[in-house]
Structures are given as C-alpha cells and as structure tokens.
Amino acid sequence: MEKARKYQIIIAGRGGQGILLAGHILGKTLVKKGYYVVHSETYSAETRGGDSRSDLIVTIGEEPDLIRIRKADIAVFMFDEQMERYAKWVKDDATVILDSTYIDKPTKNWSKIISIPFSKLAEEKVRNRRVANMVMLGSLSVITGLFEVGLLKEVVAESVKPEWRDVNLKAIDVGFEAAKEMGLG
Amino acid sequence: MEKARKYQIIIAGRGGQGILLAGHILGKTLVKKGYYVVHSETYSAETRGGDSRSDLIVTIGEEPDLIRIRKADIAVFMFDEQMERYAKWVKDDATVILDSTYIDKPTKNWSKIISIPFSKLAEEKVRNRRVANMVMLGSLSVITGLFEVGLLKEVVAESVKPEWRDVNLKAIDVGFEAAKEMGLG
Amino acid sequence: MFDIVVIGERCKECGMCINVCPKKILERGEKTNSRGFYVTYSPKPEECVGCRLCEYVCPDFALFIRPSSSPTYILVQR
Amino acid sequence: MFDIVVIGERCKECGMCINVCPKKILERGEKTNSRGFYVTYSPKPEECVGCRLCEYVCPDFALFIRPSSSPTYILVQR
Amino acid sequence: MVETQEVIKYPLDDYLRTERLPHIWCPGCGIGMALQALLWSIKELHEQGVIDRKKVCFFTGIGCTARASGFVKFDAIHALHGRAIPVATGAKLGNPSLIPIVFSGDGDIAAIGGNHLLHAARRNFDILVVMINNMTYALTGGQLAPTTPTGVRSTTTPRGNPENVMDTTKFVASLRPNFVARYSVTQPTILRTVFKKALPKRGFRFIEVMSTCTEIFGRHTGFRDPYELYSRLKKICKIKKISSIDEIKYDWENEITCGTFIDKDDPSFLDMYFKMYKPRGMVYGES
Amino acid sequence: MVETQEVIKYPLDDYLRTERLPHIWCPGCGIGMALQALLWSIKELHEQGVIDRKKVCFFTGIGCTARASGFVKFDAIHALHGRAIPVATGAKLGNPSLIPIVFSGDGDIAAIGGNHLLHAARRNFDILVVMINNMTYALTGGQLAPTTPTGVRSTTTPRGNPENVMDTTKFVASLRPNFVARYSVTQPTILRTVFKKALPKRGFRFIEVMSTCTEIFGRHTGFRDPYELYSRLKKICKIKKISSIDEIKYDWENEITCGTFIDKDDPSFLDMYFKMYKPRGMVYGES
Amino acid sequence: MRVEFISGNEASAEGAMTAGLKVYVGYPITPSSDLFEYLSEKLPERGGIVFQGEDEIASINALVGAALAGAKAMTATSGPGLSLMAEGIGLACMVEAPLVIVDVMRAGPSTGIATHVGQGDIMQSRWLSHGPYNLVAFAPFSAQEAFDYTVKAFNVAVRLRLPVILLSDATIAHTRERVVIKESGEIEVEDFKRPTVPPEKYRFYDPDPRDLVPPMAFLGEGYYIHAESLSHDERGYYDTRPSVYRRLVERLVKKVERNKKSIVASKSYYTDDAEILFVAFGSVARSTLALVRDLREQGIKAGLFRPISIWPLDDEKLIEASKRAKKVVVVELNQGQLVEVIEDALWHHQRYDVEVLSLPMILSETPSPDEILDEINSKGWKLW
Amino acid sequence: MRVEFISGNEASAEGAMTAGLKVYVGYPITPSSDLFEYLSEKLPERGGIVFQGEDEIASINALVGAALAGAKAMTATSGPGLSLMAEGIGLACMVEAPLVIVDVMRAGPSTGIATHVGQGDIMQSRWLSHGPYNLVAFAPFSAQEAFDYTVKAFNVAVRLRLPVILLSDATIAHTRERVVIKESGEIEVEDFKRPTVPPEKYRFYDPDPRDLVPPMAFLGEGYYIHAESLSHDERGYYDTRPSVYRRLVERLVKKVERNKKSIVASKSYYTDDAEILFVAFGSVARSTLALVRDLREQGIKAGLFRPISIWPLDDEKLIEASKRAKKVVVVELNQGQLVEVIEDALWHHQRYDVEVLSLPMILSETPSPDEILDEINSKGWKLW
Ligand SMILES: Cc1ncc(C[n+]2csc(CCOP(=O)(O)OP(=O)(O)O)c2C)c(N)n1
Ligand SMILES: Cc1ncc(C[n+]2csc(CCOP(=O)(O)OP(=O)(O)O)c2C)c(N)n1
Ligand code: SF4
Ligand code: SF4
Ligand code: SF4
Ligand code: SF4
Ligand code: SF4
Ligand code: SF4
Ligand SMILES: [Mg+2]
Ligand SMILES: [Mg+2]
C-alpha cells in the first residue's frame, strides 16, 4: 500500500468558541481545493462551556479510512483546558497554534508553536469575540499554506447567514493580517 | 418410578359460566381432603363469552409435575363449543359430564357419559343461571365420589362473599339431589 | 305501523329494549339462539308507535323497527 | 451602607446586574477570571442603596449585597 | 310472528363486519349503543355526500371499547393500549384526505394515553376522538380508572377509590380545540346529531360518551341489571347550557353535566402547517 | 476595592454544591435566577423551623433546567427526560416524610412528561412541581416546545411554529390541585414568597416560572443580549387578580398573565390514602 | 410458616411481603393484574402502600424513587408493559436502584393474546434497554418457586443494587398449588447494604471493592446523595471523561459477574447418565419433566436441566448436567431464545461435542408432554 | 447525482428523501436532532411533512399510522428514545407496517453521555420488544453508507413489510465527508408491494407464499383493511387458536430468514489470507481498518470483516472471511454484544477451530487504531 499525502488537523476549545463551525468551514474549503476530507466533531451537551473539538483528516489522492486523527500534524487550541486534555493527540513535531488570549504557556514542548491572541483580536478589531474562530482561520491560511484566503472567504460567504457575513469576512482579514505581520507566511 | 394414584380433570365452558371458580373450589376441597392438587386456568380476554377452562391434576401421595392435563379421566363440559374444542384432551374411557342445557349430543363416544341440565336446573330451581357451576359441583360429588358434599359446602361457605353464600349452597344441593335421583351415586 | 325485526343470533337477552319500550310490548321470548340466549319477542307488534327507543338502546345491532303496512314481529334466523 | 461582594470565579459577564442597578454603579471590570470573563466591578460602592436587585438577577450566585459600615466592593478570588 | 331465513338486513349491516357478530360485548353494554349512534351518523353523512365512507378510518387502543375496530366495516387499526391518537395522527399526516376516528375507552384515552390526548387537543390536530367512559378498566377486569368516581370500589382499590376523579372533558376544554362535548348513551338521538356535527369539521374534536359497563362497573356499584345502571346514568347525565367550563360537573352522585361546550372553527394544525410549510404537491381539503 | 482570598461565603453557599460552581448555564440564563429564589425560600423555611432541609429532595428530568439537581446541596435525583414527577411520586410513597421538589423544564414537564403532570395534579399528589418555562428545548439546541409561541422559529420549525401554544398553567388549573401559580424570573422577590407559600403545603402544587433562555430562545427571537430578553419578558409578564381561569393569557406578543390562581387545602392523595387504607405502622404528617 | 392453595401470582405477592415489600406501584395488565389486586387487599395491613400509576412508565420510575427512599419496591406487568419500562429499567441500572419487576409472560409479540401463555421475553428481559448494563432474572416453575424466588429477587436486588426481573408466565401465574409460606426469619431476607461512614465521607457510588456494590444511603437522611443518570464519578457528579465513564460502566456490568455464585440457580433431573439432555424453564419445564419421566420409563437416558436464574445462567451446572449428553434439546415457547444462551455457554466451555437442537414452539398454550414429543417427532431427529 | 460534503445524519436524511420519504415524525435527542432539523428545512419542498411528536412513543406510533396510510415514514432517535419505542416497534412488526428508524447510538446506559459515541444498542435493536418477532438492522460506517443504507432500509422495509433500524453512531452521524447523492432512478428505490386482487378478495395478511409477505393496501382505498395487534388470521381477525397464532408468528419470524439473501450486506478487507480476522462495524470499523493496514505493513496477516447488516448477519461471508483465520477479534464500543452474534454464527457453521476473542471497549469516544492496539496489548493475547 502506497501512502498518499495526508494531514491530520485538530481544533479544540470550549463550547461557544465556534470550533465546530471552524472545522466545517475549513473542511469545505479543502474539499473545494480537491482534497478528500473527513471532519468529525466532539462536544458536550452544554451549549456553552464544555469541550468542543474538530478533527480533520485531509488526504490528497486517496480516500481516508480514519475518522478521528491518530496524531495531529497541525493543532489549534483555543482554550487551555482543552489543550491540556488533547495534548496527547498531537505529534511532537506538529505545528501548534494557540489562542494566547486564554493560553499562557503550551502544555508541551512542541517543535513549532505559534501564539496569536485570536479572541482578543476578534474583540478589539471586530468588536465580537465570537468570531475568534474566523480570525484563526485567516491566520491558518497563512501559517499552513494549505488553502488560499480568497477561497476561504468564498466558502464563508456562502455558508453563513447574510447578516453574519461581513463580520466574519472582516475577522478572516484580521487573522490573515496578523499572521502576515508576524511574518508567518 | 412408582406411579401414585392420579386423576386428571378438565372443566370447560364459556366465559361467564363460572368455570374458573368451579375449578378453584374443587381444588380447595380436594386439598382439604389431603390430596395434592394443581389447578390451572385458560381463558380469553373477554369477561363474557370466549373459552374458559380449568385443569385439575389430583394426586394422592406424590407431588404432581404436570400443570396441564395430558388426557382427562374426568371431563365436565358446560357448553358445546368447548366440548368440541377440548374433546381431544379426554381419554376414551373417561367419565364425561355434560350440561345438557347447551349440549345436545357428545362429540365423541366416550365410554361413560352423563348429561345433566345444570344451567336449566340453576335457572329453574335457584332462579339464577350463574350458579350452574355449583349445581355441577354438587352432582360431581355424587358422580365421582372423590369428595363429600359437606366438605364442598364448607369450602364454598368460606370462599364466596356472604351475600352469595346461600344461593351457592342451595345450588350445590340441587346438583347433589339431581345426581342422586338419577341414581349416579 | 311498524315491523319489529330481531336478528336472533345477535340478541343477548339484555332486556334493554324490553325495559325502554313505552308501550311495554316487548318481552323475553321462549326461544333461545345458538348461544343460549332467549331472544326478544313481541306479542303485539301492531301496538308499536315507532319511537325506536328499543332500537337505539340495543347494543347488539339485533333489533330494528321499520315502517310496515302489516305490522309484524319478524325473527331473522341466520 | 453596603458591601458589594462578587465571587470572581462565578461571574459570567452577563451584565444583568449592571443593567438592573438603579444607581448605575456597576460596570464590567477589567479583570478576567480563569474562564476569561470580565468580572463585574463597582467603582462607587458607597452609592449603593441596598435594593439587592443586582443580587436577585445574578444567575450565577456570583454577587451579593451585605450591610456594612464601610461600603466596599469586594472581589472574592477563589 | 314471522320467522324467516330471508336476508333481512339490519340498517347498519353495510357498515358492520356482520360475519363477526355477535360482538364480544356483554349483554346490555353501552359500547354497542354508542357505536350504533356513530355508525348512523357516518351512514347519513355518507349518503348525503358530505363524506366518503372509504376515507373513514377507525383507530382504537386496547380495551373493551377498542374492540370496536374489529366489528366495523371501515379501514381500522386496533393498535396499542393508549396509542390510538398518535396512530391516527400519523395516518392523517400520511394521507390528509383520510377521516380518522379514534374510538376508545377512558383508560386508554385518559390514563395511559393522556399525553397524546393533551397534545393532539392542544395542537388542534385534525382528528375526531370519541372516548367511551365506562368509569373503569373493563377489559382487564375492573381496575381503577382516572374516571372512577372517588370512593367507588375497584379491584385495585378494594376499600374505595382514594383519588380525586378526572373530568376529562373539562381538561380537554382547557386546551381550546375546535370541538368539545360530553353526552351519554342514554341520549342516543342527540349523540347521533353531535357525531354528525363533529365528524366533518377540521381540527381536534373530542366527544366523551358516558357509558354503562354492566358486567363490571355495574357489579362494583351494586347495579345488577343493565337497565338499572342505564337508568342511574340517565338520571345524572344532565344536558346544560353553561357560561363557563368551570361550571360543568363530573359527579357520580348528582350530576354529570352534558352538552357541547366548545364548537368553533379555528385554523387546525394541518391548516396552519399547509399554510406555513406548503408541502410541495400536497393540498389539504378544499375549504 | 478589596480583593480577598478570604472565605466570604455567598449567603446560599450552604445550599449549593459550591465545588461544582460555576454551573453550566449560559451567561444571563434565567434558570439560575429561579433557583436562587427557590433556595432562599428553603433556607428561610429551614431557619424558621418550618421544614427540615434534610427532608428536601430535588427531582429533575433532563434539560438545562434539570441540571439544577447537580448544583444544589440536597438529596437529588437527576432522572430521565420527562420522568421527574413519577420518581418524586415514588420517593414520597417510599418515605412520606420527604419534601419532594420537582424542578425541570417546560419540554420535560409539559411535553414528554405531560401525562405524569396531568395525573399528579389530578390526584392532588403531595409534591411541588416547579416548571421553568424558557419556551424552548434549550439543552438540545432549540427545538420546538409545546410552549414555544405560535409563529416563533425553532430549529425544527424553521419557518415558524405552526402549532397552537400550550398554556400549561391553565391546563393544570383545570385539574384543580391545591396550588397553581405562574410568575416570572423578572419577579424575583414575589417568586421567593410564592415558593415559601407553596413548599410546606400538602397536595399537588404547581408553579410555572417564565424564564429567559438567552442563548437559544433569545437568538430565535432576535434578542441578542440577556437583558433585552429579560426586559421583554418583564414587560409582558403581568400579575393580575382574575375571577376565572379562562381569563389568563399566554401570549408572547402581549401578555403572559401571572398570579396565584389556585390556593386551597383540599385533602391530598396521601391524606385520602392514609384515611382509607391505614397502612399499618405508618403516619402521614402531624396535621 | 403456613400452607396455602394459591396461584403463582399470589405466591409472588406473598413472597414480596415476606421480603418486606413497602411500595407496590402497578398498572393493570393481564395476566399480571391479579397479583396487583391481591396486594391491594393485603399490603396496607402489612405496612405498605399500593399505588396505581397512569402507565407502566410511571410505575417503573416511581419504583426508582421509592427504592432510593429506602423502600423495598416492586411492580408486576406483562410484555407490553415491560416494553414500556425499557428506559426506566436502564435508569434503575444506572442509578443503582434495587427493585423487583415481575414479568408474567404472555403470548406475543405486541398485544398478542393477553390471556395465553408465552415465553418470548427471555432476550428482552436482558436487552430491552439501550447501552451496556447488566441485570438479573429468575424464572420460577411452580407457585412455590414464585414465592421463593420473589424473596430471592429482593435479596439479590438489595445486595447488588440493581433491578431484578422475575420471569413468570401466564401458566405459572394462574396455576394454583400448595405453597409453603414463610416469614422473615424462617427464610433468609436481606436488608439494604447501608453506609458505614459519616455523611461527610459518604459517596453514593463508592463501591465496596469486594462485591463492587456501593453501600446505600437513603433520601432524607442527610447524606445529600446525588443519583445521576448521566455518566458520573463516585459522588454522582456528571463526568464525560472516558476514564470515568469506563470505570462506572465496567463496574455496572461486572457487578453481576463478580457476584454470580450467590445468584445462579438451576435444577437438574436424571442428568447423571443422561445422553439426551432437555433444557426447559418455567411452565414448559413441567411438561418437559413429565416427558423425561416417560422416556425414562421406556429406558431412554433422558435428563432435564432447568435453569432458574436465566440471567446469569448457571453455566457450570449446565456443563455438569450435560457431561454425558450427546444431544441437548432446548424446549421453549418462542422462536428460539434460550437456545442461544445455552449455545453460548456450551461454546464458552468448549463443549463442541454436543449437538444442540432447538425446539422452539410458537404456541399460546403450555404444551403437554405428548405435544412436545409430537413436535420432536415431526422434526425427524433421530434422538433414540 | 451530486457530490456534497455532509455529515452522516445529513446523508441519512438525503437518503430518505431519495427513497421517497413522505412523513417524518420525530422527537429531539442528541445526537440525532440535526437529522430532524435538516429534514425540517428540506422535506416540505420535496413533498413531505415533518412533525414533532410529544415524545418518542408518539413518533413510533404515528409512523405505523403513516405507513399504513401508504406514506414512506421515518424517525430518528438515540438510545433513550429507542427504549421508549420498544412497544411501538413490536406493533409495527405485528401489523406489518414498513418504516425506518434511525438510531444514532450514543454512550449509554441511561442518559449516559448524550454527545459522545457508543455502540451499546446492538442487542437492544433486535430484542427490545416482547414476544417472538423479527426485524432488520443495518450499520453504516461512513456518510456515504448512511446515504446508501437509508435507501436500502426503505427498500427492505417496503419489500418485507417490517420496521428496519439504521444503527448509526454519534461519530458517523457527525462526521462530514464527501457523499455522492443519487436520485431515484440512479439508485434502486422500491415501492410498496401492492394488492393484485380486488377489494372483495383482498386480505391484509394474506402472504405471498414465495416471500411470506402480504401485499399491502392502504387506508382510504376501500379495501376495508383491519390491522390487528392481537393474534389474527389472514383477514386480521382476532383469533386465539394456537394454530392461527403459530401460523402468524412463525411467518413473522421467518419472513426475514426467507428473504435473507436480498438483505444481508458486509464487507471484507484483506481476508483472503488473513490469519487474524478482526470484526468491527460502524465508526469503530474505520479505526480497525486503519489498524489492519498498519499490521499488514508489519507483515502480519490481519484482515477485517465488517458486517453492515447486523440483523440478520451476513454469516456466509463471515465464514468465508474467516476461512484461514485462527483467531477472530471482535472490537466494539460496549461490553461485548456483537461478539455473541459472531460466536453464534461460527457455532452454527461448526467453526470450532477458531478462537474468538472479545475486545469490548467501554469508551465514550471512537478509539484510534493505536488505542485499539493498546487495548489488545493490555490483554496479553499472543496474536502475532
Ligand atoms: C401497555 C399496556 N398496558 C396495559 C395493558 C392492559 N390493558 C388492556 S385494556 C386496559 C384498560 C381498559 O380500560 P379502558 O381503556 O377504559 O377500556 P374499556 O375496557 O373500559 O372499554 C388495560 C390496562 C395493555 N394492553 N398494554
Ligand atoms: C427519552 C428522551 N428523549 C429525548 C431526550 C433529549 N432531550 C434532552 S433534554 C430535552 C428537552 C429539554 O427541554 P426542556 O425540558 O424545556 O429543558 P430546558 O433545556 O429548556 O431547560 C430533550 C428533548 C432525552 N434525553 N431522552
Ligand atoms: S319502537 Fe317504541 S313502541 Fe315500538 S317496540 Fe320499539 S320501543 Fe316499543
Ligand atoms: S336490546 Fe337487543 S340484545 Fe338486548 S334483549 Fe333487546 S334485542 Fe336482545
Ligand atoms: S443593591 Fe441595588 S443599588 Fe446596590 S449595587 Fe445592587 S442594584 Fe445597585
Ligand atoms: S449578574 Fe452575576 S454573572 Fe452576571 S455579570 Fe453580574 S455578577 Fe457577573
Ligand atoms: S366488561 Fe363492561 S365494558 Fe366490557 S363488554 Fe362487558 S359490560 Fe361492556
Ligand atoms: S441554553 Fe438557554 S436555557 Fe440552557 S443554559 Fe443556555 S441560556 Fe440557559
Ligand atoms: Mg373504560
Ligand atoms: Mg425549556
């Protein structure tokens, strides 16, 4: 069996942080790019609080069998509790992205750690902490180079309700800029 | 395995004819005599109409294993439908007792057939067709000789509601007399 | 004038019709059906006023009243 | 005169207390608790009239009012 | 006197599975009287072209009353104890042109099935429910029903019913469906008229029919003869015009108030659903 | 300003499992407000010696509201969706000295649990039921509840609710239990008094508490901020004296009538049972 | 101690009273209603309460409340009612509420024939609720056993803190026989397993490591217990962590296995040298025993293994009873349910040498020995 | 035909619409509610009605009504809801109402963890109702299969006139994947089997002797059908005679067996030479398949048998897949349920030579391949 190219991505945070939507949007974007994507969710019963986690398995050229990641190549943690809980699911040499609004220091010494205050940026620059997820996706485009920010914005535009469109697109830009400014491109 | 003495008795008729009570009273009487008795019931959901059947297995000296009779030594049929349905459960040489109010002729040529119009007697002599079952038990005491009519009346007196006691005891007498008159003792 | 029609096999001898008849012209018959019930009988169908109370209370779809030029008690044997 | 006591870890920044206070002396604080919520603060506890409306509407058992000789905003860190 | 083998048909024979008669009900049982009135109303509506009898479906639960589905010549489902209302609901959703009639006992509709009654009435869902109230669980032998009068003996309350009794009609009325009425088998012609009135309507319609269980309830209350019980019921079932539903009584000793307590034509559940959701290619009635 | 690590206790801390706080409810959610009022009433009754807090038991179903059982320091059963009332009933039968409080959501009590509510109320069974009505199935994400106002969107009625809405208080009142009231979390001090009134009574007591689900119902109805929703609720929740229960309204656009609609002391189920059946060696209360 | 001529249902009711029944909640259903009616007459005098719920769901949930309030609690029902109790029985397992359910089996599926016998609830009694859990079921074959095993059902329920089902059937339920009735003291009656630590230290789900069963405080005693239907830790606090979930659910499942020795019951007849081993339970076992006796008279080496505990099965006794058997014939009034349990047990004991023959009889009456024989003959098996 | 990136729940909803869904009746419960919500948006446009019942009992009974009125009908639920449907599912079997129930399995027992996965409803899905009956259940392992087997579930339901359960799980339900959606015509969609005789001759329960399934007239067509939950003859008339009862119930049970060939489904991976055969289904089969691939890379002769129809099991394919196997390892998220079904199949095919190893994982998450491997290693089995 020949191995195709494969990325395992985890995004985790608290309920209410838009983790599932982020995963969904990211998945849709990557499918548009032509990749195979499996996107799975874990969440607690609570609408707010509790765990929330998106797993994405992205393969190029071959349909994936796995649903849950085995160990993430790319990990995004939006809250410290979940980082601690899910750290074991991340490869040591993974790219780990943290929302520094809620995370002071990483649980582990991953080889590549990027801290950006997504929630703070959302709050300050978009006046809406709920779109921290979109800020994150904007940055992710820069950091991973897996997809173009334009394609991402296309997907968001068609997926969210009209009244929410602008604020989301704005948030993506904020994230994109922030990452660019940090020289992560 | 040594065989103890054993009687298999079936009493069958329509719902409402007091078949189950008859079986119960008979069972209690025989237990008082010191026999082992197993008394089982079959009935339809309907309060009135439908099938009603009492099986009694009476052993002397050994606890019975059977619940349902295999083939009856003594059969009492109070209605023709049930006679037809249950005829196959009766030994060819059984003593078969029929309520001639509702049964014109026996389904089979059993060796010993006794026809008595229990319901009619109840109606005419006790002014209550519902106590045909007690008339039958009165006759049964004479026919089978398995128990004394006095013991039967004792059991009935303690088992039925006070307001029903007299009419039941009267009915037993009617049955007892009828059988005696027919020279069945 | 009315016929009093009774479907014999359906009658359960409950006596409801007999009790409600304002003319008191119904009674327990002398014949039993195959279930052993004494089927309702009317000795005087010509006195029936057609109020149909007997029909309405018969729970067994056993008795009905129909207009007739020659009032008769009809027992349907079926 | 009254102390305004807030259990910091319980506050969820819902703003109910702030909105109901007739004296408008409550506001979103500048400190977050460990869950990231900005805990309610009062710059002017001495103006509190002790109506307890803020306490009643707090769904989180996070804020209460108690009589006091030296009116203070107290943030319980726990 | 004429005895005849000739096929003289009982007037409702076309609406009965005659091969199954005599039915299982005890002599003098009120269920047959109520059913007779209902069948007459259907016959008349059918013959007048108001409804198509082919569309009439009976839904019953389990109980003496529920056995009716086996004796009527209509489409019929003899379902589970307490569940006739949801089955009828589903059938109506599956084919909105059907005319569902739920015909079942007080235990079935008001005890185990109480929640379905509550919500069907509340939604004003398009079915007719006829509840035969004989004040007992008859089929199973006379246990307590929520409708058993306080103090009356049952086999599960041998020293009398300690429970406060349920006035099902009052409770259904509090939910404001399109039609709510209570009558008695002792009012057969009125019953027929009321059925005729309610059957072609839209929305939820509830008719409680006070009935006589001669075999069991009669025994528990000391009425030996069907006619005695019938007369007692007749005496207490009083038809009244009321100004507020609070006034109606359900009191076995004195008065069970009868009458039509609600009769209106608010939009039914299906009216509303079709208006708001416009299921493609489907229509609901002509009106 | 003082910041302190000192153990300053919140006045209700003795009645809370403080180690489990903050609770799971969303910012601004009305459930916590209602629970606060209830706990105050228990605290006061306990301190006045009217009840023994050890005997107070919470019974909840499943839902946001139902989670309350996990935060209060009382005996508590977090049971099945819709079944808090029968569990409480059984507990009271098992030990008549208990003081059961059912505290659960509108979906739990009035939808799936409707039949238990109906019969407990009808029997005047000795429990207190507090129904937190946030007009939605909150825990599961905002599906239609029987209490959702007609026309309002829910996730299962995306074009608006086509159903006639349920006025639970009116329906319970039709069953004539000992105590029926509706108030709102926007009336916190009255709520406390009402709980205090109802808790020590015998028989069935029902209190509907209108509440704010800021996260879901607020979103569906366009109220972004908890306080906006609260203000709206405050505006329509009008306390009224009424002469007939028919007058009360449950209308999200104009008025949700609040008040104590029944308050009487008829013999309760257990009063009746103990009187008629005299279970050997058992007593029910002193009164 | 006294001797009575009573039915299986009445004997169960008597057994429950001997065991200390305090709360009976029921909903009428044939063929169980007379048990309810019997208790309605007798239980108040014995210091208990009888209550009729609005349905079977109310009954089972009320039992959970009663049990946690410290009352010995029971209901009786039949198939349709048992089906309605599926969710509530799962609750009882999860919150560890000890209670007893009598299921008087009738002819199913669905409404079936209310007044006729069946044995079709074997698998259901074990698997009716969702998710992984475990419980115990006994099947009596006489009125005497209905008495004895109702007492035992209560003993096991309180000892293990779980629901126990008594799988009776319409024939046993309505057959009157001589029953020796004993009172507590004359027969072993166990009490709830009670806390040994003060309220501050007590945790509602803290198991005794030996038997995996947590001692039980009652509602109203000041322990502030929290009974939880969600996944929970030892305090009863909701916890979604896989490790906590696993610890809880594994214990719930293993509790039965761990205490199996004190639960299992069975009876073997003529099995020492039996080459054909019949397996049957409940009323059918009566006829099967008579058949075995017939066969013995004809010199055929037949025997009978009769499981009394169905869940868990007394598999060691089964293996012992089958030690000389070449064929095992499982007779039951359904489409073949017990046979799967028997096969599973034989497979686990590597008894590949025996041939298992299923004799499912979809009948609505308890067959006579002759009918069983006819059925066997109609199969064309060469058994003897 | 179109390609979408949707979840298993959404794929099931799409499958139902392709199959011709006309009536959906549901009650919200995590993790099934989004299926309900998706249909609430889409079904009216496709000519169907979506209705919310007051509980799951209302849902299942309404489906029976809808089905007999001639509408393709479905509900979705999870464990607690399925438990409440036990009695109604028995009714559907008895009156032979074709309908589809999606059970999105979550971590149980009781309320368990609503948002987490489980596979504990395997035995329940078969045995939840009382008395002898039979039904069909499929377990998809991807969003695509959720689509395909929802279509097939409807096909089997109408072909056999019985309820079919789609045993999905929370992971499959909420995992988004590429799904190829086909319309009727592009994929086989069966219609109800309709009467071929005029109303006077028609009998609602008169089976076609070939497949034992009676053709089906609908309510409102003038056939005057009588659907009966009691024991009944071919007309639907209540009949207590043992012979009638037996004829009916045997047919209900055998219907599935008789049509087994057209129902069963499974998939085998690397089984030609597999010495260690894994058996897994649903979401767990995904991880197990990955594990098998890992093992193959290490040169270990592992294979996977994945049942898709659980009831009935595709036993012939299992036997084929296990032909070289010495050990069979059954991996599942419960206390060990599927393993009993597998053992039973092997026993019946006299495959006494294979050792069956049960790997029950009482977890509330779909385990990764590594976690499965860890679990195996913790057992100390010498597999390779
Ligand atoms: C789930 C379930 N529980 C209980 C029963 C037993 N049962 C059959 S009918 C009935 C009550 C009948 O009373 P009612 O509905 O008033 O009808 P009636 O016989 O009085 O007409 C009961 C409890 C059942 N069939 N199914
Ligand atoms: C038998 C069953 N059906 C459905 C559910 C899913 N469920 C959990 S809570 C709930 C409704 C919650 O609504 P409500 O009772 O109003 O409580 P709230 O969350 O609004 O406080 C539902 C449908 C369940 N747990 N069990
Ligand atoms: S119609 Fe009237 S008068 Fe004639 S028999 Fe009947 S009840 Fe009597
Ligand atoms: S009312 Fe009908 S059933 Fe009764 S006696 Fe008269 S005819 Fe016969
Ligand atoms: S008690 Fe009244 S005045 Fe004081 S802070 Fe609270 S709301 Fe404001
Ligand atoms: S009401 Fe309570 S939780 Fe809300 S902001 Fe004020 S203190 Fe915080
Ligand atoms: S038991 Fe009562 S309700 Fe049932 S048929 Fe007889 S009289 Fe009628
Ligand atoms: S979802 Fe609504 S009801 Fe639930 S906790 Fe949040 S605000 Fe309160
Ligand atoms: Mg009734
Ligand atoms: Mg709610």
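Numbered from 1 within each chain, the chains take letters A, B, ... in sequence-line order.
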| query | Is the side chain of Tyr273(F) donor-acceptor paired with the backbone N or O of Glu163(E) at a distance under 3.5 Å, no angle test? | reply |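 Answer holds: no.
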
For a quick test of reading the model, state the closest non-hydrogen atom pair linking [X] to [Y] and the distance between them.
| X | Y | answer |
| --- | --- | --- |
| Arg122(F) | Pro146(E) | NH2-CB, 3.4 Å |
| Ser174(F) | Phe171(E) | OG-CA, 3.5 Å |
| Ser244(F) | Asp246(E) | OG-OD2, 3.7 Å |

Of all of [options], which one pairs up most often with chain E through heavy atoms under 4.5 Å apart?
| options | value |
| --- | --- |
| Thr157(F), Asp266(F), Thr150(F) | Thr157(F) |
| Lys275(F), Met166(F), Lys170(F) | Met166(F) |
| Ser268(F), Gly113(F), Ala111(F) | Ala111(F) |

At a 4.5 Å cut-off on heavy atoms, which part of [X] comes close to chain F: side chain, backbone, both, or neither?
| X | answer |
| --- | --- |
| Ala110(E) | backbone |
| Leu117(E) | neither |
| Val172(E) | neither |
| Asp167(E) | neither |
| Leu118(E) | side chain |
| Pro177(E) | neither |

| query | How about Arg159(F): does its CZ atom have over 12 heavy atoms from other parts shown lying under 6.0 Å from it? | reply | yes

| said: Looking at Lys249(E), I'd like to know if its NZ atom is crowded, meaning that more than 12 non-hydrogen atoms belonging to other residues, nucleotides or ligands lie closer than 6.0 Å. | reply: no

| query | Is chain E contacted by the side chain of Pro267(F), its backbone, both, or neither, given a heavy-atom distance below 4.5 Å? | reply | neither

| To the nearest 0.5 Å, what is the distance between CD1 (Ile245(E)) and CD1 (Ile245(F))? |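 The CD1 atom of Ile245(F) is 13.5 Å from CD1 of Ile245(E), to the nearest 0.5 Å.
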
